[in-house]
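What follows is a single structure, written as structure tokens, with notes after it.
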Amino acid sequence: MAGVTHLPCDTLGVCMVCKATPSDEEKLTCKTCVSYWHVACLSSPPATMAETVVWRCFDCLELSSLYASGKAVLKGSGELIPEIKPIAADASLTEQAKDKSRQELLTGKADASNEEGKGEWNKDVFDILSGSLNCSFCIQIPERPVTTPCGHNFCLKCFVKWIGQGKKTCANCRSIIPPKMASQPRINSALVFAIRMAKISKNNTAGGPSRICHFVHNQDRPDTAYTTERAIRKGKANAASGKIFVTVAQDHFGPIPAENDPVRNQGVLVGACWEDRLECRQWGVHFPHVSGIAGQSNYGAQSVVLSGGYVDDEDHGEWFLYTGSGGRDLSGNKRTNKTQSFDQKFEKYNLALKVSCMKGYPVRVVRSHKEKRSSYAPEKGLRYDGVYRIEMCWQKEGLQGFKVCRYLFIRCDNEPAPWTSDDHGDRPRPLPQIPELKDAVALCERKGSPSWEFDEEDSRWKWKKPAPPSQKHTKSADPNEIEGARRAFRKAQNMSVRARLLREFSCLICTQVMVSPVTSPCAHNFCKSCLEGAFAGQAFVRDRSRGGRSLRSQKNVMKCPACPTDIADFLQNLRVNTELKGLIESLKTKAEEENEDASGNKDGAEEESDETAEAGKDEENSTEKLNDSSAGESDVKEQKSGEVEVANEVEDADVKCDGKRKRDDTEELVPKKEDSKKARGG
DNA sequence: ATCCCGTGAGTT
DNA sequence: AACTCACGGGAT
């Protein structure tokens, strides 16, 4: 190692340079690998709060510049190429350069930068966003945006970090942040969508990358679950499933591709939402009606649902820790039971998950609104979030005192997750740091190479080994049903721009596009006036509220019109989310302009008959600029095409999870007490 | 918050 | 075919 020594703190928090044990305040966290560094031993510590938040250690800076120059690649297993060493201290990176490389990492535009003028791309997006939509910490477009009740938008990570430092007020305006929001911030999905729209619309005019991934919200529901004769009084609770619309086998692994979607010919795209489990089932994403795991113990698990049923679950978006099933007394007529009364074992569904782990199969992941402890859960219903791989599994003592099976899921999908505004899917990422591993029992890791793997040449995840042959017959959908569904779907596809805006940015009260949006602490968006109107005449405080010093005046509970959260405090001082407002306005304007450009053509398209629409979605894309392209997303079917073999011989290296791997940058900035094993120093 | 149903897939 | 098991969901 050359020149100045740069080393982080070790497992015990001891600085490896000066051997002191710095306090939390004296330590700095690398934004990328979440390692801790003693500020006093840094040659050039960050000067401002904003810099602190985005600070990256020397290893990671070097790494990102290697990425940018195309010299570094990730191995399929997710392991970082080892020859990357701490570089000579002052990597001579200016703040600008840091920002640039960070942004390149974020947007995946690394190697497209200066050539072909694509470097301007990000700048253009900023322009569209009027430069106004910035997280105050990192001065970037907010990643996983959360909105404070005072109407300011931040990256989830930056916000969590801020709260983690004991801050109780908004970093922008010093308004108090409600404790509930502080402890459980929810991503503002309307804002995510707005950012994506801005990117896409920019992209379409600037000739950027052509393949933008689709983001779907509610599908049409051409057929719903039905109530059988027998259960006539029980309504939907005991309904039987409606038709299955896709033609995949029940033990199909991976995304649902377009060729198995005769209804829409697009497959199930990331971000697809459903009302309930039966509907989710109809699209072939997760077949069981109640169970959270779909799988067979001798074959593998195809999908899971995160529904908050198990308190041990821990959700970090791109990765999460899942708890196995069982361990509960379901005798009598219980279907679920939150309390555990015996140990879980690796059998049945838990064994199925383990098989998927060992084989490296892609596992579809669905998140439910019932998971209240996750920032990534949808507001209502269920949402398909793409495929993940189970990198390892083990047992631990659960929070309820019995053993639970544990699974580390890491996202590996070719489409971006619903909470990011990235325009690309996942790249292989390192294992996150998992404190509970130090107490893990029966730890299992994959031995061979995974079946579902990132292909560097194609920059896509694919089957590197053939997908396991189905053991079930493939369901075929009823042609009549398909035709009906198809019509409804085409109609939805031809929605006007305004209808689209409406769908994404509608006020939950007036159902119109929000004029002056306010965001509640529970992350629901309304027009300011609508929300005011909804509570007009209601007093905030009961009785003796008058003279400013009423001692025990009782606050009235005022429930959010969209959920049970008490938003009385929020209502007292409604603040417009000006950034979101501006964004909606500019999208509106832009959409109208494009509407006019396409003029007569466009009107025709809206009234277009089903038959003409049959011509395909490509055509729709051209008439509808804001419609993201769905073409090109159907090629998830490389299974048996022959070139699989070639890829296989490249390496069969075992997957190890110790030492060498860097930690994931998606790790939450949380207390850092128990660092079981630091992935450093090796 | 609690009760308890019909359902459907896995397993025997 | 019988039996077990399951992170739903409407009704009370």
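Residue numbers begin at 1 in each chain, while the letters A, B, ... track the order of the sequences.
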Checking contacts here: which listed nucleotide (C/dC5, C/dC7, B/dA9) is nearest the side-chain heavy atoms of A/Arg328? C/dC7
Per A/Asn333 side chain, nearest of listed nucleotides C/dG9, B/dA9, B/dC5: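 Closest nucleotide among those given: B/dC5.
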Can you check whether [X] has a side-chain N or O nearer than 4.0 Å to OP1 or OP2 of [N]?
X: A/Ser297; N: B/dT11; result: yes
X: A/Lys334; N: B/dC4; result: no
X: A/Gln296; N: B/dT11; result: no
X: A/Lys338; N: B/dA1; result: no
X: A/Thr323; N: C/dC7; result: no
X: A/Arg281; N: B/dA9; result: yes

Separation of [X] atom [atom1] from [N] atom [atom2], in whole Å?
X: A/Leu330; N: C/dC3; atom1: CG; atom2: P; value: 18 Å
X: A/Gln340; N: C/dC5; atom1: CD; atom2: P; value: 15 Å
X: A/Phe287; N: B/dT7; atom1: CZ; atom2: P; value: 19 Å
X: A/His289; N: C/dT4; atom1: NE2; atom2: C1'; value: 17 Å
X: A/Glu347; N: B/dT12; atom1: CD; atom2: P; value: 10 Å
X: A/Glu279; N: C/dG9; atom1: CD; atom2: C1'; value: 14 Å
X: A/His252; N: B/dA9; atom1: NE2; atom2: C1'; value: 18 Å
X: A/Leu382; N: C/dG9; atom1: CG; atom2: C1'; value: 12 Å

When you match A/Val290 and A/Ala294 each to their closest nucleotide on DNA chain B, which lands nearer the 5' end? A/Val290
A/Lys348 or A/Thr336, whichever maps to the more 5' nucleotide of DNA chain B: A/Thr336
Measure from the ring center of A/Tyr361 to the ring center of A/Tyr388 and say whether it is less than 6.0 Å.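 That pair fails the under 6.0 Å test.
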Using a heavy-atom cut-off of under 4.0 Å over every strand shown, decide if [X] touches base, sugar-phosphate, or nothing.
X: A/Tyr322; answer: base
X: A/Gly309; answer: base
X: A/Gly332; answer: nothing

Once hydrogens and angles are ignored, does a donor-acceptor distance under 3.5 Å link the base of C/dC7 to the side chain of A/Asp313?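 Side chain to base: pair present.
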Checking only heavy atoms, does the side chain of A/Asn238 share a donor-acceptor pair with the base of C/dG8 at less than 3.5 Å?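 Donor-acceptor pair under 3.5 Å: yes.
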Which is it for A/Gln296 and A/Gln302 under the side-chain hydrogen bond (donor to acceptor under 3.5 Å, both in side chains) test, yes or no, and what are the steps along the way? CA-CA 9 Å; A/Gln296 306 76 33; A/Gln302 294 83 27; 2.9 Å; yes
Watson-Crick or G-U counterpart of C/dC7, or none if no pair lies under 3.5 Å: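 By the stated definition (distances under 3.5 Å), nothing pairs with C/dC7.
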Does NZ or CZ of A/Arg383 come closer than 6.0 Å to the centre of the six-membered ring of A/Trp419, within 45° of the ring's axis? no
Atom NZ of residue position A/Lys359 - does it have more than 12 heavy atoms of other residues, nucleotides or ligands inside 6.0 Å? no
Is the number of heavy atoms from other residues, nucleotides or ligands under 6.0 Å of A/Lys559 NZ greater than 12?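 Open.
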Taking NZ, NE, NH1 and NH2 as the nitrogens, is one of them in A/Glu453 or A/Arg460 under 4.0 Å from a carboxylate oxygen of the other?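 Here A/Glu453 does not pair with A/Arg460 in a salt bridge, since their nearest N and O are not under 4.0 Å apart.
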